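Remarks on the structure that follows.
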Protein chains: 2
Amino acid sequence: MSYQSLLDYINAVVPLTKSEEVELTNLVTKRKYLKGQFILQQGDIAQQQCFLVSGCTKMFHSDDSGQEHIILFAVENWWTSDIGSFISQTPADFNVQCIEDTEVIQISAQNIETLFIAIPKLERFFRKIIEKAFVALQKRMVRNFSLTAKERYIIFRSTYPELEQRIPQYMIASYLGITKEFFSKMKRQVLLDN
Amino acid sequence: MSYQSLLDYINAVVPLTKSEEVELTNLVTKRKYLKGQFILQQGDIAQQQCFLVSGCTKMFHSDDSGQEHIILFAVENWWTSDIGSFISQTPADFNVQCIEDTEVIQISAQNIETLFIAIPKLERFFRKIIEKAFVALQKRMVRNFSLTAKERYIIFRSTYPELEQRIPQYMIASYLGITKEFFSKMKRQVLLDN
DNA sequence: CAAACATATTAATCTACATTAACATTATTT
DNA sequence: AAATAATGTTAATGTAGATTAATATGTTTG
């Protein structure tokens, strides 16, 4: 069935019965986006939370001077959305844009409430998902405080070896919080070191 | 009753019945710490999640060169804990230390599981709490990428006007990700500007 | 296969912030 | 009240990373 990757993902955390699986799949939708398309634009209200079936996205903030600051990539079996906008239905601080053709399973803000009532253990599931995301973000924050860009890059490489192949350098630079020019310079250093 | 501030806090998000309130208060404990004492030390496993009744704490990471990086303050009605350590019972990345005499209500890792089973809506409560924390952290991350220390300080002042009175400057500097020397210099600029 | 566009490199110059070190001011303790 | 510790300031010098701008390479598209 077409929602299998999401079901597998959820079942690994909170096992669902067959009827719960049906209920869930009735409240989600599937959608394809092309490379370059926006799933969410800064200023709009996030209507959906997205689970990636295939493809790759970046979530970023455009600041006043037009600079992009990438704060999250997502690939297969990752979630992406501006959670703040989604939960309080306020204008998003972030854009979500596809950097490959991307297929997602979406849950709307309305349906997620229905789901929480129908299947309370999904509340546990989403709590655990966001706990994990929070912990990762907190660690990244500390790294940005205490490590140099070079050190952060080395950690990024070893943490997400697949990502480096799929994502243009200048986006990785943005994710690390540095310019593409400095990234290029620093990368040469790293490669020479090995 | 002595757990009232916690009950008020929870009731504002998920209303509890009287019997649920009793059940909850039976599974939490109260404790006092003196200024300077550690609630949690880096490398230990976080046994408790803490709700502050009074006082003030800082949560920080000590890096390899011994530098402190503060990533969270907490005052009355805030939660504090190394969530990562607490949920997966692994060594903490962070210290939590009192910067005033502090009284907390604590929930242990074991009891929180009991609570989730006894009162499922607490699962919703903690999901909402952590969602809020996550959103705030994400915004702070973007600010660290896109704003100067001066701009971040101005936002800090207007967001937490009370904190600036209670907390030594050098800790605010650490929270902003800069040295106390640079903070001192930059603060003079900000004060001259007004 | 051009032409257009997206991505990456290099080098010169600039700046926000770190480091060091000395000193000043407040709190706290005895 | 003196002594000690904690906190805050100032100034000189150093550096990670930004900015600008020119050029190179790679990849789509007509």
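These numbers were taken from a predicted model, which means no experiment stands behind them. Values below: every heavy atom of this structure, side chains too, minus hydrogens, waters and symmetry copies.
Taking the ring-ring contact (aromatic ring centres under 6.0 Å, His included) definition, one finds that F86(B) meets it with nothing, sequence neighbours left out. Partners of F134(B) according to the ring-ring contact (aromatic ring centres under 6.0 Å, His included) rule, which considers only residues two or more places apart in sequence or in another chain, do not exist here.
Between T80(B) and the options L52(B), V75(B), V104(B), a side-chain contact (heavy atoms from CB on, under 4.5 Å) holds for only L52(B).
Remark: R188(B) is not in phosphate contact with dG8(D), judged by side-chain N or O atoms under 4.0 Å from OP1 or OP2. Between T148(A) and dA16(D) there is no side-chain N or O to OP1 or OP2 distance below 4.0 Å. Here R152(A) does not reach the OP1 or OP2 of dA16(D): none of its side-chain N or O atoms lies under 4.0 Å away.
Residues near L34(A) contribute nothing to a hydrophobic cluster around it, because no ILVMFWY side-chain heavy atom sits closer than 4.5 Å to its side chain.
Heavy atoms of G177(A) sit under 4.0 angstrom from primed sugar atoms or phosphate atoms, though from no base atom.
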Listing time: all N or O pairs from protein to nucleotides 4-8 of chain C that are below 3.5 Å?
residue : atom : partner : partner atom : Å
dT7(C)  : OP2  : Y170(A) : OH           : 2.4
dA8(C)  : OP1  : Q169(A) : N            : 3.2
dA8(C)  : OP2  : Q169(A) : N            : 2.9
dA8(C)  : OP2  : Y170(A) : N            : 3.2

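Aromatic ring centres of F116(B) and F126(B): separated by under 6.0 Å.
Of the residues in residues 59-71 of chain B, none lies under 4.0 Å from DNA chain D by heavy-atom distance.
If you take CG of N144(B) and C1' of dC17(C), they are 14 Å apart, rounded to a whole angstrom.
For F182(A), taking side-chain heavy atoms from C-beta onward, the closest of the listed nucleotides dG17(D), dA11(D), dA21(D) is dG17(D).
Under the side-chain hydrogen bond (donor to acceptor under 3.5 Å, both in side chains) criterion, the residue pairs touching residues 166-176 of chain B are E76(B)-R166(B), E100(B)-R166(B), with sequence neighbours excluded.
Between the CG atom of L176(B) and the CZ atom of F156(B) there is a distance of 6.5 Å, given to the nearest 0.5 Å.
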